[in-house]
2 protein chains.
Amino acid sequence: MPLTHRVPDLGALELLLAVARHGSLGRAARELGITQPAASSRVRSMERQLGVALVDRSPRGSRLTEAGSLVTDWARRIVEAAEAFDAGAQALRGRRDSRLRVAASMTIAEYLLPGWLITLRAQRPDTAVSLIAGNSSAVADRLLAGEADLGFVEGLAVPDGLDGTVIGHDRLFVVAAPGHAWARRRRAPVTPEELARTPLVLRERGSGTRQVLDSALSRYGGLSAPLMELASTTAVKAAAVSGAGPAVLSELAVTEELSSRRLTRVPVEGVALERDLRAVWPHAQRPVGPARDLLGLTRG
Amino acid sequence: MPLTHRVPDLGALELLLAVARHGSLGRAARELGITQPAASSRVRSMERQLGVALVDRSPRGSRLTEAGSLVTDWARRIVEAAEAFDAGAQALRGRRDSRLRVAASMTIAEYLLPGWLITLRAQRPDTAVSLIAGNSSAVADRLLAGEADLGFVEGLAVPDGLDGTVIGHDRLFVVAAPGHAWARRRRAPVTPEELARTPLVLRERGSGTRQVLDSALSRYGGLSAPLMELASTTAVKAAAVSGAGPAVLSELAVTEELSSRRLTRVPVEGVALERDLRAVWPHAQRPVGPARDLLGLTRG
DNA sequence: TTCGCTCATAAGACCAGCTTATGAGGCGAT
DNA sequence: ATCGCCTCATAAGCTGGTCTTATGAGCGAA
């Protein structure tokens with residue numbers, strides 16, 4: 001169970017990626033600011049821990065073995081997730097002295113913002129960003145109080161006093177475990193009526209996804225009593241994966257499960273389960289400077 | 001640059017997730033097999049490191065702060081990637097005594113297999129799996145030599161001597177940075193002729209994706225000289241993200257970049273850039289036992 | 001009051017990873 | 001040939017972080 005003892009720590013994984021890039025333990029060590037013996041011993045203990053040779057050493061450098069490059073690919077995913085964590089955490093700590101103060105809804109802060117911040121850091125390394133996360137009205141409050149320069153919200157309308165622009169759409173997907181009957185409905189989409197009368201695994205009443213679902217299905221008799229009502233997106237996902245029943249979740253929350261086939265998207269016809277993602281700012285104060293840079297990234 | 005000093009280690013992140021689940025430092029500690037003071041001090045040093053309060057402590061338990069639950073969500077991504085790493089690495093180490101010996105092509109081993117192994121472990125905890133990765137003919141060799149029970153390959157045909165079943169499709173996506181002109185072609189798909197005459201960022205000659213692209217475009221005058229020819233999928237992705245030009249990559253390799261909008265999918269009409277993903281086994285030896293369990297997971 | 005839960009603090013043990021110093025192997029230029 | 005430069009490996013010693021055990025303090029219910 002304790003993952004820590006079977007997975008090398010982040011430093012070791014970074015080192016492995018550096019070895020892959022440079023083809024040399026010594027140069028990898030230099031990149032990470034450690035000595036060559038440290039790198040050598042660290043790679044060796046990683047190999048001992050995993051029970052697999054990762055690197056072919058020669059007097060002219062080091063290349064990854066077959067197993068090594070597979071391990072490196074898996075390691076890259078961990079390191080990328082760690083980079084997103086770092087970008088987010090750094091913004092969360094950043095305070096008043098930041099050049100760009102962002103207020104964002106939870107969904108956007110969780111799934112999209114870290115990626116934007118990584119890109120922004122690559123393009124403008126000197127832009128210090130601070131982040132406050134909250135619901136739509138909290139975001140509006142921060143902007144109107146002058147405590148944030150740029151906001152991001154999801155939902156159907158722009159909050160009062162703000163201007164905004166749509167930067168994308170958060171589609172809600174109906175998903176089911178691959179074994180579920182609905183997973184085989186590729187050619188025969190589920191109808192809105194069918195969706196409305198089927199008990200689903202859902203977030204608790206009041207959540208954003210639930211609101212969208214409620215209003216989209218109101219003309220079809222409304223949502224039926226949920227199969228399960230859970231407190232977090234994670235819990236809903238876990239229930240759906242384990243086959244409890246169909247669930248409705250943000251596209252952003254399920255991309256990984258879909259591409260690894262732990263969940264299947266169920267096609268639904270004739271109903272738009274979608275909400276806008278918007279960048280917002282105080283009325284008549286178009287973003288300039290760093291805020292404009294970030295805004296540019298979010299639309300491409 | 002050294003990520004390690006700004007991101008808590010995996011043990012700390014696991015602890016944070018456990019605290020979120022249990023609402024108590026002590027119970028989280030027990031789950032991870034450490035003492036309560038160890039957990040207390042570890043969470044505290046994580047808060048110091050990040051510069052953010054993560055949990056609200058009270059005599060009746062601990063709950064995450066707002067920032068804490070955002071951090072926990074980001075942490076979950078890291079831990080999930082680590083679980084995939086662990087599942088894969090464990091299979092890579094496993095040897096002859098394994099109950100299920102899998103041979104898989106690189107793409108499948110990299111992107112899909114870890115997820116399957118996690119699911120398999122949840123359903124049949126006692127199935128020890130071993131993994132050998134290689135190209136299609138290496139997979140065939142292992143199966144025919146009786147050194148593997150089940151194989152996975154991508155490509156256009158089933159290798160000689162094997163039976164198989166299609167378990168899915170790997171679509172090749174044309175992708176470009178959001179700023180690229182092709183990123184705005186949503187309503188006016190790129191034509192095959194246009195794709196054929198445009199210099200692209202590609203893997204080197206001989207790679208699987210390149211073969212598919214070559215054969216799909218052969219009737220349209222064939223692929224033009226590449227804009228860049230790079231040695232790894234990662235390098236191609238990086239070039240595309242930085243705006244070097246359009247690239248063609250497996251759907252599996254770009255889902256994350258697409259959902260975070262670092263890349264945009266370019267619609268292409270009239271040409272099927274797709275290859276089958278197949279499970280394969282020696283002629284007339286339908287998978288049974290653990291191999292059959294795994295096969296079931298891959299199709300749903 | 002006492003029990004049971006919560007978390008915090010303190011003191012000491014242990015170990016992983018670092019550094020410096022050194023050696024050995026291969027290749028190419030002088 | 002041999003010197004110089006690159007590669008990686010090994011050994012000895014320091015250090016710091018994380019663990020443990022032992023203890024205390026706060027809050028609520030029986």
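Lettering of chains follows the sequences in order, A, B, ..., and the numbering in each one begins at 1.
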Which residues share a salt bridge (charged side-chain N to carboxylate O under 4.0 Å, His left out) with B:Arg77, sequence neighbours left out = none

Exam field: side chain B:Ser98 to backbone B:Arg101, donor-acceptor pair closer than 3.5 Å | no

The correct set of residues in residues 34-58 of chain A placing a heavy atom under 4.0 Å from DNA chain C is A:Ile34, A:Thr35, A:Pro37, A:Ala38, A:Arg42

Nearest-Å distance, CG (B:Leu32) to C1' (D:dT20)?
-> 16 Å

In the 5'-to-3' direction, what one-character label does each nucleotide of nucleotides 25-30 of chain D receive under the scheme B = base within less than 4.0 Å of a protein heavy atom, S = sugar-phosphate only, - = no such atom?
-> -BSS--

Can you tell me which residue pairs pass the ring pair (Phe, Tyr, Trp, His ring centres under 6.0 Å) test with a partner in residues 21-71 of chain B, sequence neighbours excluded?
-> none

Of all residues at least two apart in sequence or in a different chain, which pass the salt bridge (charged side-chain N to carboxylate O under 4.0 Å, His left out) check with B:Glu47?
-> B:Arg57

Residues at least two apart in sequence or cross-chain that pass ring pair (Phe, Tyr, Trp, His ring centres under 6.0 Å) with B:Phe152, listed by chain then number, are B:Trp116

Mind checking what makes salt bridge (charged side-chain N to carboxylate O under 4.0 Å, His left out) contact with A:Glu229, not counting sequence neighbours?
-> A:Arg210

In short, ring pair (Phe, Tyr, Trp, His ring centres under 6.0 Å) pairs touching residues 52-75 of chain B with sequence neighbours left out are none

Applying salt bridge (charged side-chain N to carboxylate O under 4.0 Å, His left out) to A:Asp86 and not counting sequence neighbours gives A:Arg121, B:Arg6

In the 5' to 3' direction, the nucleotides of DNA chain C bounding the stretch that comes under 4.0 Å of a heavy atom in chain A are C:dG17 to C:dC27

Kindly list each side-chain donor-acceptor pair under 3.5 angstrom involving residues 104-112 of chain B, sequence neighbours excluded, with atom names and distances?
unit_1: B:Ser105; atom_1: OG; unit_2: B:Glu154; atom_2: OE1; d: 2.6
unit_1: B:Thr107; atom_1: OG1; unit_2: B:Glu154; atom_2: OE2; d: 3.1

Please name all residues satisfying side chain to side chain donor-acceptor pair (under 3.5 Å) with A:Thr127, sequence neighbours left out, ordered by chain then number.
-> none

